[in-house]
Amino acid sequence: MASRFNALKSDAAWQQVWDERRTFAARDDSDKPRTYVLEMFPYPSGRIHMGHVRNYTMGDVLARYRRMTGHEVLHPMGWDAFGMPAENAAMEKGVHPGGWTRDNIATMKAQLKRLGFALDWTRELATCEPDYYGHEQALFLELFRHGLVYRKESSVNWDPVDMTVLANEQVIDGRGWRSGALVERRKLSQWFLKITDFADELLSGLDALEHWPDKVKLMQENWIGKSQGLQFGWSLSDGGNVEVFTTRPDTIFGASFVAVAADHPIAAKLAESDPAVADFIALCKQGGTTAAELETQEKLGFDTGITATHPFDPAWQIPVYIANFVLMEYGTGAVFGVPAHDQRDFEFASKYRLPIRRVVSEGDDTDPDFTAGEAYSGPGTICNSHFLDGMDIEDAKRAVIQRAEDGGWGKGSTVFRLRDWGVSRQRYWGTPIPIIHCDACGAVPVPADQLPVVLPEDVSFDVPGNPLDRHPTWKHVPCPTCAGNARRETDTLDTFVDSSWYFIRFASQPSDKAFDRAVAEKWLPVAQYIGGVEHAILHLLYARFWTRALKHIGMLDIAEPFAGLFTQGMVTHETYYRAKVIRTERPSTADPETIVTESSSIQTWFSPTEIERRDGKAFLIGTDDEVKVGRIEKMSKSKKNTVDPTHIVDQYGADAVRWFVLSDSPPERDLEWSESGIEGSWRFVQRVWRLFDGLTETAGAEGGDKALDRKLHQTIAGIAADIEGLAFNKAVAKLYELVNALERAAPSASRNAAIRTLMLLVAPMAPHLAEEAWAIAGNAGLIADAAWPEVDPALLVDDEVTIAIQVNGKLRDTQTVAKGTAREALETIALANANVQRILDGAAPRKVIVVPDRLVNIVA
RNA sequence: GCGGACGUGGCGAAAUUGGUAGACGCACGGGACUUAAAAUCCCUCGCCCUUUGGGUAUGCGGGUUCAAGUCCCGCCGUCCGCACCA
């Protein structure tokens, strides 16, 4: 009689077989068509979480499916192993970042193996090992040699207590997230990669990425931020000149002031002699940079007393201000203000009582005295602008640029929001930057034969700061050029560099170089890349840049690294918490005599394992202690709403977990974890198993079942399309339908054949179950190596269809007819329908619409 | 503020080019089997009504059409990205 599918036993057995036979090792020399399926490699933070499970299951289904359809599939896995959490762990727990990272890798690798992913572990890599980052150093120096790397002073967020540089995200309310110390802006010499050289390419290259989500392309487009306009100089009354950039040269006759950034050289120079200017600059720098602060921050300006001469009218002078809203980092750090047509300029001009002059009008309203309460930035005709009058905006822009270029005082130019990529990190746990600083020779690349520059592991974290900086021996080396005393660069590379080329290293990993070009080009670009949308900008942009840079210097002839991109949703879970209101009293900042009471609430979070639900409420298990049910949020350690995949896998088996994360929610949307959901998946695995197991009882069944044959072939084709389209939830639904049909069907040869085919259909999703059934059914070889079933096109179409019979667009009945029934016949059937007759009540229809094989609509 | 996405039963969701709304799953309810339970199987399941039938229904209000979840216009709401970008 029917047995149970023993997932634990079966999972282990088949995982061992796949391992021993190296079933999923990709062959570089294969004659088959190649497919490179890649999921974003994990950071080894400790244990895998459900997000990883979902991500890797999706890629796995596609990889296994492509194998079955005759592809040589590269589906590798590795570790994005450098980064700050390792250093934080080192400081908190006194462990070595390397030891901590490698332990985590071992744990997480075992967890991934437990899920039976079809990964080529022979290509496993960890970015923290010299045999990876050494090649990265060589690539970095290659870019250096080609002028794509440079060094420049740049300001950073410096935590004076931890003696380290902080990323913007690590600065909270102006304080270091860990130390709580007030963060300083500090100028440091840092290494930059010239990503801006590729700004145009990276932008235009997006068009060719047909298999990328529009959303991600748009985000990258906005991030690159291309603006076209005019750059020109205003001559100043003090004899100087200020360059400005504008996207609206057409409004040049509406100018009423020039404004420069607080850190603009003009402001700095004035500050030297005028303390009032210095005070104003200091005031500007005080303001926070958070979104909320910027929103409410008042526009502040300081009239320098200098005036600027209008380029089209030497007699026209406008004032030059220092203004807090002008950014030094964008454009030229100076703008001219057109209050009538720019809201920000409007606010500024209103405050400082500067003229607001209309130069773009809608219709015939060309009154130069602008009275509306806000700036007008819409379309219109130029007015009050001398030679531009009557032109539309675009013509006027061209006309002004033309005159500026002819007159030699300005030129059309393009400005990008994208900045060069600063890659220096004052951190230990990263790729050492392979540069040696010599007082005589400057920054000298480490010679190729001295690579890799190995990160020393004999370091301690008992003193704040970068341990490389105080390492007794590692830091001091002779200069490769003059052999004099020199120092190693102690900064390490941003970990985004590590992840900018790992997909190339997966494709080809010779020991003597980063990759073999010919082999890498066989596999690249990645056919399908899958990962979280949080990487939509930085990682994906950097990887695109790195690949283009390699192409530019002739190392690899691939422009875009990822032909297909899919961003999957998060795995979420309810949160459970108890809120405690904390009241604190402190003297008011405005008036120290007054005591202010501040209340804030602190949440204590509870793990789902501590909670039981009763009558829609949540209680701590075994008690009447009620806790609040919070929002459904991304599983995170801080909210304690995580579910450890390993416990679930041990309880239900790998296939049930895989099935669950593919079910129900469309993969791009968030998936809410639920206990009943995983139980449902487990029940399905058992139902399928009973079908497989029952084959022996119906072995002798004979006869065909045309309806079932059709269902089977429609399912084969449907699932194939769904997997190719990464619509796993739909593939899952189709499998449920087929299983429902098989359970209901009477024994027949068709049914037996369909059940055997079902093994192949579930194989990408539930591979352990499929292998087990495949073996018991007496098939030779592994189902992992089997071919995807052929579809009989004749069975894809039904010979009967159900048509809708409508009156005035409302469904009144349905009728099953032979497929392809003629329009006239359908009309006759519909008009003869009892319901139709009753509704028409003898009246003649005004019109009859017939859509063959679909419906008849009678317009009464 | 700018840009984008989304809005369908109690819940997750399906629904080719506009053509039978709610496939499939979860939950709930009823039943069978069982001494009992688990497991399994069967049935019901958008809402409303005068229930072999009818009305109504895809955030709200309009429109186009024989026909609208799908197309157009205007609102409302939720989420995401960017943000003083010149």
Side-chain angles (χ1 to χ4, degrees), chain A residues 2 4 213-223 225-227 229-231 244-248 251 259 261 287 289-291 293-295 297-299 323-327 329-338 342-345 347-348 377 415-417 533-534 536-537 659-660 663-666 668-672 674-681 683-684 686-687 690 721 727 729-740 743-744 801-815 835 838-839 845-860:
Chain A
R4 276 273 176 94
D214 288 339
K215 176 185 166 179
V216 173
K217 286 196 276 189
L218 193 68
M219 280 163 73
Q220 293 220 347
E221 196 179 310
N222 292 338
W223 188 263
K226 183 177 184 172
S227 298
L230 170 69
Q231 185 175 328
V244 299
F245 173 75
T246 180
T247 55
R248 293 293 303 272
T251 62
T289 52
T290 65
E293 280 172 298
L294 289 175
E295 193 75 30
Q297 208 168 61
E298 209 181 345
K299 306 269 174 287
N324 65 342
F325 64 83
V326 181
L327 303 173
E329 305 83 56
Y330 186 78
T332 62
V335 298
F336 71 88
V338 182
D342 180 283
Q343 186 58 27
R344 190 196 49 205
D345 295 346
E347 285 168 30
F348 190 82
S377 57
V415 163
F416 292 94
R417 205 193 78 104
V533 73
E534 66 273 20
I537 298 175
W659 186 258
F660 175 76
S663 302
D664 286 355
S665 283
E668 68 278 10
R669 252 183 255 180
D670 291 351
L671 170 72
E672 195 194 343
S674 77
E675 201 69 25
S676 50
I678 181 69
E679 280 168 12
S681 296
R683 280 200 298 272
F684 179 76
Q686 295 300 339
R687 275 172 69 191
R690 281 194 295 276
N729 57 321
K730 291 197 241 169
V732 161
K734 288 189 177 85
L735 279 167
Y736 272 112
E737 284 190 57
L738 178 62
V739 167
N740 288 342
E743 285 175 344
R744 280 183 208 120
V801 289
T802 304
I803 61 157
I805 295 172
Q806 300 177 333
V807 178
N808 292 331
K810 279 184 183 159
L811 183 70
R812 294 302 170 185
D813 208 346
T814 58
Q815 174 89 44
N835 286 346
R838 184 168 48 73
I839 291 160
R846 284 199 291 145
K847 196 173 171 187
V848 179
I849 312 272
V850 181
V851 182
D853 296 338
R854 286 226 99 110
L855 57 76
V856 179
N857 187 17
I858 295 155
V859 185

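What you see below is based on every heavy atom in this structure, not just the backbone, and it leaves out hydrogens, waters and symmetry mates. All figures in this text were calculated on a predicted structure; none of them were measured in a lab.
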Between [N] atom [atom2] and [X] atom [atom1], what is the distance in whole Å?
X	N	atom1	atom2	value
A:Phe245	B:rC85	CZ	P	13 Å
A:Glu221	B:rG3	CD	P	13 Å
A:Gln343	B:rA83	CD	C1'	15 Å
A:Leu218	B:rG4	CG	P	7 Å
A:Asn808	B:rA68	CG	C1'	16 Å

Once base and sugar-phosphate atoms are separated, protein heavy atoms under 4.0 Å mark nucleotides 11-27 of chain B, 5' to 3', with B, S and - as -BSSS---BB--BSSSS
What interatomic distance, in whole Å, is found between [atom1] of [M] and the corresponding atom of [N]?
N	M	atom1	result
B:rG25	B:rA13	C1'	8 Å
B:rG4	B:rG55	C1'	39 Å
B:rA5	B:rG9	P	22 Å
B:rG54	B:rA21	P	14 Å
B:rA27	B:rC11	C1'	7 Å
B:rG3	B:rA83	P	16 Å
B:rG46	B:rC84	C1'	50 Å
B:rG10	B:rU65	C1'	35 Å

State, to 0.1 Å, how close [X] and [Y] come at their nearest heavy-atom pair, and which atoms those are.
X	Y	answer
A:Phe336	A:Val244	CD2-CG2, 3.9 Å
A:Phe348	A:Lys299	CD1-CB, 4.0 Å
A:Asp853	A:Ile803	C-CG2, 3.7 Å
A:Thr814	A:Ala804	CG2-CA, 4.4 Å
A:Ala536	A:Val216	O-CG1, 3.7 Å
A:Arg344	A:Phe325	CD-CD1, 3.2 Å

Can you check nucleotides 78-82 of chain B for protein contacts, nitrogen or oxygen pairs under 3.5 Å, and list what you find?
unit_1 : atom_1 : unit_2   : atom_2 : d
B:rC82 : O3'    : A:Arg417 : NH1    : 3.3

What's the verdict on side-chain contact (heavy atoms from CB on, under 4.5 Å) for A:Ile805 and A:Leu855, showing C-alpha distance, side-chain angles and the deciding distance?
-> CA-CA 6 Å; A:Ile805 295 172; A:Leu855 57 76; over 6 Å; no
Taking only N/O atoms, report every protein-nucleotides 54-59 of chain B pair under 3.5 Å with atom names and distance.
unit_1 : atom_1 : unit_2   : atom_2 : d
B:rG54 : OP1    : A:Arg838 : NH2    : 2.7
B:rG55 : OP1    : A:Arg812 : NH2    : 3.2
B:rG55 : OP2    : A:Arg812 : NH1    : 2.9
B:rU56 : OP2    : A:Lys810 : NZ     : 3.1

The glycosidic conformation of B:rG62, counting syn as within 90° of 0 and anti otherwise, is anti
Any strand is fair game: report the nucleotide pairing with [N] by Watson-Crick or G-U wobble, both distances under 3.5 Å, or none.
N	answer
B:rG1	B:rC82
B:rG18	none
B:rU8	none

Is a side-chain N or O of [X] found less than 3.5 angstrom from the main chain of [Y], in a donor-acceptor match?
X	Y	result
A:Thr246	A:Leu230	no
A:Asn857	A:Gly809	yes
A:Arg417	A:Trp223	yes

| request: Would you check if there is a donor-acceptor pair between the side chains of A:Asn729 and A:Arg669 at a distance under 3.5 Å? | output: no
> Would you say the side chains of A:Tyr330 and A:Ser227 form a donor-acceptor pair under 3.5 Å?
Replying inline: yes
Exercise. Would you call the rings of A:Trp659 and A:Phe684 parallel, tilted or perpendicular, where under 30° means parallel and over 60° means perpendicular?
Worked result: parallel
Note: for A:Val326 and A:Val859 on RNA chain B, the residue whose nearest nucleotide lies more 5' is A:Val859
